[in-house]
Each structure stands twice: as C-alpha cells, then as structure tokens.
Number of protein chains: 2
Amino acid sequence: MHTCATLASLHYAVKLAIDEMMDEERRRWITSLEVARLAGVSRSAVSRCFTPGASIAERTKQRVLNAADQLGYRPNAIARSLNTQRSGLVGVVVADVGNPFYARLIEALAIEIQERGRAPVVFVAKEAGATDALLRELLSFQVDGVLVASATLSLRVTQLYRSAETPIILLDRMASDGEVVTGDVSADNVAAAAMIAELFATTGCLRPAFVAGLENTSTSLERAAGFVAGLDRHGLKLAARDVGAYTYLGGQAAARRLLGKRDRPDAIFCANDEMALAAVDVARSEFGLRIPGELCVAGFDNTVSSALAAYSLTTVDQDIERMAGEAVSMLEASLSTSFAAERLRIPCRLIRRATTR
Amino acid sequence: MHTCATLASLHYAVKLAIDEMMDEERRRWITSLEVARLAGVSRSAVSRCFTPGASIAERTKQRVLNAADQLGYRPNAIARSLNTQRSGLVGVVVADVGNPFYARLIEALAIEIQERGRAPVVFVAKEAGATDALLRELLSFQVDGVLVASATLSLRVTQLYRSAETPIILLDRMASDGEVVTGDVSADNVAAAAMIAELFATTGCLRPAFVAGLENTSTSLERAAGFVAGLDRHGLKLAARDVGAYTYLGGQAAARRLLGKRDRPDAIFCANDEMALAAVDVARSEFGLRIPGELCVAGFDNTVSSALAAYSLTTVDQDIERMAGEAVSMLEASLSTSFAAERLRIPCRLIRRATTR
DNA sequence: GTGAAAGCGCTAACAT
DNA sequence: ATGTTAGCGCTTTCAC
C-alpha cells in the first residue's frame, strides 16, 4: 500500500513537471496544490482556509491567503461540489415569456440568489410544455434546488426531484393536490382581488366585470374568486366575465365583447395590467367612454406601463422582491433542516390611480 | 501496483455494499457504474454512449441506453466538467436594472444559451461597480465564457479572464481601447439615430433636440453622433441637447428644461423609450403641445410601453433575439477555434408611429 | 470496439 | 491544528 502511494505521487510529480514544461492545451488554472506549495502547507490546509467552519490557525490562514492572493487563486467550485454534493447552483424556471411581470421576477430571483453566494441558472420555457425537459436538464447540472414560476410540472418530474432530494419551490402558483413540492410562495391574489371589488363597490359601480387571464391557472382563478367574494360582501354580483389570456390582444378582444353588450359593465377588473391597458384603449378609442366617469378599470401587477401618465391605471402591486426573498429563504431552509412543506401568501398593495373613482 | 488495484477495488466494493445497506445521508444518484453493471459493460462504455463523437458499437449502445433509461440515469454534468475542463455554464452579467430593455435581453440570452445545450448563469449587478465581483464569482463556477451587457469592467478582471482563457463578449456596448475582450455585438446605434434624424428632417422639423441617456455610455454617445451626422446630411443642426440618465424621471426633467426654452425645439429624439414617453407626457400635460403637430418625439428600444395606443411612440427596434443569437454564436466560435476578436453591429428597424409626422 | 487505470481539483475522515 | 489518504462521478489514453 505504501509503495503504491509513493509510486502514485512520483508519477504525479513527473506529470506536473511535464505540464510545466510544455505549454499545455488545456485551460490552466491555479490549483490548491500550487498555493499549498507556495505557502508551505498541505492542500487540506488550503482547503480549510476557504471552508467557513474549518479549524485552522490564524497564522497559517494568513500565510495561505497571501499565497492565494499572490497567485490569483480561487477555489474551483465545480471540483468542490463533486464531493460536497452541493453545487451552489440554483435553478430558476420561468414559463411565461413576454410578460413584463415575469421579466422582473427573473431579475429579483437572480439578485436574491446571488446575494446568498449561490448562482442562479435561469431557464426560460418558450412553450408551456417545455418545463419538464428544462427541469431534467437542470438536474443534470446538479442544482441544489429549483424555483419554478408559473409553470406546469408533470408528476414524473416532481418524483424525479423527490428521489434526487432536490427541493422545488413554486412561485406565483400554488401546488395542486397530489403534487409533491417543497413549498410555494405567491401573492395573496384572493385578498388583492377583494380590495379591487371593494373599491368598485364603494365608489358606486353597479355592473362589475372580470377578465380572466389563462383559464386554469391558479393566479387567474384566485383573482376571480377573490373578486367575486369581495363583490358579494358588498351585495354586488358579477355582471359579466370574459377571458384574455393575459395578453394585450386577448384583453382587447375581451373588452370589445364586454363593452359591446347591451348592458355594458361599468367597471372591469382584468387579471393583469396588459389586458387592463387594452381595455382602457378599447373603451376610450372604440367606445368613446370617459374613464373613470363612465367606466372604471383595474389591473394587476403594477407594471411600468401602468404608471404612465396617459393611463395611470389602478392596479395591485405584488412586492416581487419580497416574494423572491421568501422563495429563496424557503429553499435554503429546506436545504439545511428537514423541512415540512410550506405555503406562503404575500400580501399585496392596492395602487389607486386614475382609472377608478 | 497490482495488489494496490485489487485492494482498492475490494475496498470500493465493500463501500458500495455499505451504502446500499444503510439509508445514506448524502444525496443518492444513479451513477454510470450502476448503468454499466445493469448493461454488463464497463463505465467507459457507458461514458462513450453519452459522448457525441465516441466510438461505440450500435448494439452495445442500445443496451446501455436501455439500462440508463430504466434506472433514470443522467450523466452528472459537474463530474464531467471536472475532466473535460468545460462546464457547459455560460455567465450572463447585466448591470442596468429596472430598464425593461435589459430584462428582455436577459430572457433572450437565456433562451439562446439553453437552446445550445448550455446553461446560463445570470448575475444582475445592482450598482455599476458590482460587475467586477460578479465576474470573479462566475470564474470560480468555471463558466466557459461570459456575456456582459452594458457594464464597466476593470482591466484587472479582463486580464483574469484572459489568463483563464475564458472569453468575454460585450453586449450593447463597444469595447473601449485597451480593453481586451473577445468580441462585442451591439445595435447599429449610429445608423439608427441617423434614420430618426432623416425622419425629422424630411417631415419639416427645423429645431431638433437630443436627450442623452447616461453620459459616457457608448450607446448614448453613438446615438448622439448618428443623430447629429444624420441632421447634418440634411442641412440641419442640433438645436438643443440635454441628459436624462435613461430614466422616466430624468427624461421628464430634461423635457421640462428643453420645452421651457424661448426657442423650444420642434422635435426631440431621446436615447431611449422611457425618456421619450416622459417627454410626451410633459409636452402634452404641462405644455399643452399637440403631438406630432407642434412637437415630434422619437425614442429607442421599442419597449412594450411605446406601442400602447395612448403613446404610439415612433422608435427604433433593436432585434434583441438576433443580438442574443450573434453574441452566443460568437462565444461558441471563440470556444472552438482560435478566434480573432470581432465586433458586430446589428442593424435596427425604424418603427414609425404616431409621435412623428 | 471495449475495458483497465489514472486522474480532473477538491473535501473530509482519520491519524498524528 | 495539520498532513495523509481515499474518494466525489466522470472521461480518456492506452492496451488488447
């Protein structure tokens, strides 16, 4: 056994010498071994200097850190993760493209992850069905966990993650029954929609309508439910209902149908801002309605566009930063302790502007 | 030496047995060894099945692939990268937060990278100075290359990348002299701004003004230069100039100053849409100007907001997808062949809408 | 075409 | 507190 080690290290030394002689093709990196040599310590000592809780004398630590600095050494995170079984990578999967809300969410999540010393691997699903493949892909990159925003996941892939003991946190979408995920965090859509209902009711609206986003998405369903419940509390009922697929064009079509009715609504709550802006445009230019005089409109998300002077749309602000923070915290928690599944609702803020009374 | 090997493999076998007996703490993964056993081949054979250009018999390949499928095996990308010296990770660093253009750019880059089988690691710099630290961080994650959008890099960090032989591609910002980067791709800002100038000139504008973004950013400088050159070609000169820091508030202040002058401009070209929208708002509500009758306004970026009916802003579209595609292609090219630095300008499209004649 | 053996750069259990 | 040693899961010469 001893001979073995000697032979091995001899072989190793020879290889190193060769490497240093010829200008190698492979990318050259400063390794912990080189730092160790310069500092006159072992590789373990170097390793310990870069491992938070490791026991190392202050004196040697300084010596090693100096050497490392001098050589421009940084530990190779890939090599490290091979035996710690933790890559430091966190997957972020977002399905809904083109929606400004999700663009902001990506940014917020990325910031939150990187601030905790991890690296966000961001995958964007172009079609709804693509999520599964992306999640598999992420798994092979050994992500420590994933944050999935507003996407459909198959049972198969959740099982895959379960057996890999890799947590999945859902964002802006609750876990459906039977779906085994580590947790979910989303806006309190029900309460927020109820605030809109209350605003409509207390400012004299009598025929409120709702424009849904995508049918069967939890966000749209919750906003609908909260709106109806809120109206009910004020003795009102939904006068009309349509669907706009969360897009401007969809919202435009829905608004046309809604406003073209004999008993047209006098207030429209759209499940997001894009559709609400479309409703405002249709109401003004195609029906010549004064807003908020003849029609109140409210949206959801508080996008940049909604704040513009020409619209000044009443809407709901989701506190994306908070949501991102909580989601990443939940992920971290599930990484360390054994962690019971949790669901978090983040309260929203009503942004009352000029499209309501 | 032989004894050694035997001892080692014996030890290994024992360890495996132990692992299988006790429910291990570490995350369990299907390894190539398990697939190899099931398929009755060696680990090398399994490896070759997942390595594109490897020589392997079709018959064994099928057998291995079957076994892999049965066990749900996926090669561990981390382990692979340890000896291929390629992680498959591509860094994306974006400095400008809150700017809708960069949000779209992140998405486009992420899509482009993931479609080529790599994984985008997205870092967002909150402050301008943070870029350096993020780039260092990325390097320790062994990224194969980085795409940097609109950020300042220190010389030190570019040297670091150079010695690590990791390519840096700049996006939407040219490399300044002395800066050693692998390449850059950005919009043809000069030509685009000249198109706006021509539009103004040929529709009877006589006193054109320019609102810069951030001073000293190449995008703003190029747009200014192209605009002035374009005007010059039509015998016009810049009537006024201001700065708006690429933000709505900045654009608002600039517009107020510009329109408050005795000889107010009759056309304003803003270096981005946010400032242009602010200019439209100020012109309409604070100065009661008719657009485009009394004032023409043009922006840059073709953001979602610019297309809204209430603004219908004339602007320039940057073809973000194309830029992202070219940038990633350039990165791939520099990864394979020895590659000479390159700079690419992507042509823009004029989007003529209702804020110009 | 296939297997054996030697690492990629690092960490961690163990011994000192 | 530090060094020695044995891998993490994979790829890759090198024999056969």
Side-chain angles (χ1 to χ4, degrees), chain A residues 1-2 4-9 11-12 14-16 19 24 26-36 39-61 63-64 73-88 140 142, chain B residues 1-2 4-12 14-16 19 24-36 39-61 63-64 73-88 140 142:
Chain A
M1 206 67 184
H2 191 74
C4 239
T6 319
L7 271 173
S9 50
H11 175 84
Y12 193 65
V14 169
K15 175 161 193 324
L16 273 182
D19 281 8
E24 248 211 314
R26 327 183 70 139
R27 291 161 68 191
R28 282 283 297 143
W29 262 87
I30 313 293
T31 72
S32 67
L33 180 58
E34 301 170 62
V35 177
V41 293
S42 72
R43 271 155 70 231
S44 333
V46 177
S47 170
R48 283 190 264 260
C49 289
F50 292 92
T51 311
S55 92
I56 183 95
E58 189 55 38
R59 226 177 71 81
T60 44
K61 182 165 185 171
R63 206 143 39 93
V64 170
Y73 168 80
R74 295 217 54 178
N76 181 327
I78 293 267
R80 165 180 295 168
S81 45
L82 200 55
N83 45 6
T84 58
Q85 310 284 58
R86 290 239 171 290
S87 63
S140 84
Q142 312 296 112
Chain B
M1 207 68 183
H2 190 73
C4 242
T6 318
L7 269 174
S9 50
L10 177 62
H11 175 85
Y12 193 65
V14 169
K15 175 164 190 325
L16 273 181
D19 281 9
E24 248 210 314
E25 300 237 330
R26 330 184 68 138
R27 292 162 68 192
R28 281 285 296 144
W29 261 87
I30 312 294
T31 72
S32 66
L33 180 58
E34 300 170 61
V35 178
V41 294
S42 72
R43 271 153 70 229
S44 330
V46 177
S47 170
R48 284 191 264 262
C49 289
F50 291 92
T51 312
S55 91
I56 182 96
E58 189 56 37
R59 226 177 71 81
T60 45
K61 182 165 185 172
R63 207 142 39 94
V64 170
Y73 169 79
R74 295 217 54 178
N76 180 330
I78 293 266
R80 166 180 296 170
S81 45
L82 199 55
N83 45 7
T84 57
Q85 309 284 58
R86 291 236 171 292
S87 64
S140 84
Q142 311 296 112

Can you run down the side-chain hydrogen bond (donor to acceptor under 3.5 Å, both in side chains) pairs that involve residues 46-55 of chain B, sequence neighbours left out, and say none if there aren't any? none
Could you check whether any side-chain heavy atom of A/Ser81 comes within less than 4.5 Å of a side-chain heavy atom of A/Arg86, counting everything from C-beta outward? no
Does a side-chain heavy-atom distance below 4.5 Å link A/Phe50 with A/Pro52? no
In this structure, how many angstroms lie between the [atom2] atom of [N] and the [atom1] atom of [X], rounded?
{"X": "A/Leu33", "N": "C/dG9", "atom1": "CG", "atom2": "P", "value": "10 Å"}
{"X": "B/Ile78", "N": "D/dT11", "atom1": "CD1", "atom2": "P", "value": "13 Å"}
{"X": "B/Asn83", "N": "D/dC8", "atom1": "CG", "atom2": "C1'", "value": "12 Å"}
{"X": "B/Phe50", "N": "D/dT12", "atom1": "CZ", "atom2": "P", "value": "15 Å"}
{"X": "A/Glu34", "N": "C/dG9", "atom1": "CD", "atom2": "P", "value": "9 Å"}
{"X": "A/Arg80", "N": "C/dT11", "atom1": "CZ", "atom2": "C1'", "value": "9 Å"}
{"X": "B/Arg74", "N": "D/dG9", "atom1": "CZ", "atom2": "P", "value": "17 Å"}

Please round to the nearest 0.5 Å and tell me the distance separating atom CH2 of B/Trp29 and atom CD of A/Gln142. 4.5 Å
Output for pair (A/Leu82 CG, B/Asn76 CG), nearest 0.5 Å, gives 6.5 Å
Output a table of nitrogen or oxygen pairs between the protein and nucleotides 1-3 of chain D separated by less than 3.5 Å.
from, atom 1, to, atom 2, distance (Å)
D/dA1, OP2, A/Ser55, OG, 3.3
D/dT2, OP1, A/Thr60, OG1, 3.1
D/dT2, OP2, A/Ala57, N, 2.8
D/dT2, OP2, A/Thr60, OG1, 2.9
D/dG3, OP2, A/Ser42, N, 2.9
D/dG3, OP2, A/Ser42, OG, 3.1
D/dG3, N7, A/Arg48, NH2, 2.7

Examine distances only and state if a side-chain atom of A/Arg63 and a backbone atom of A/Ala39 form a donor-acceptor pair shorter than 3.5 Å. yes
Sugar-phosphate, base or nothing in reach of A/Tyr73, heavy atoms under 4.0 Å: sugar-phosphate
side-chain N/O B/Gln142 vs C/dC8 OP1/OP2, d < 4.0 Å: no
Side-chain N or O of A/Gln85 less than 4.0 angstrom from OP1 or OP2 on C/dT11? no
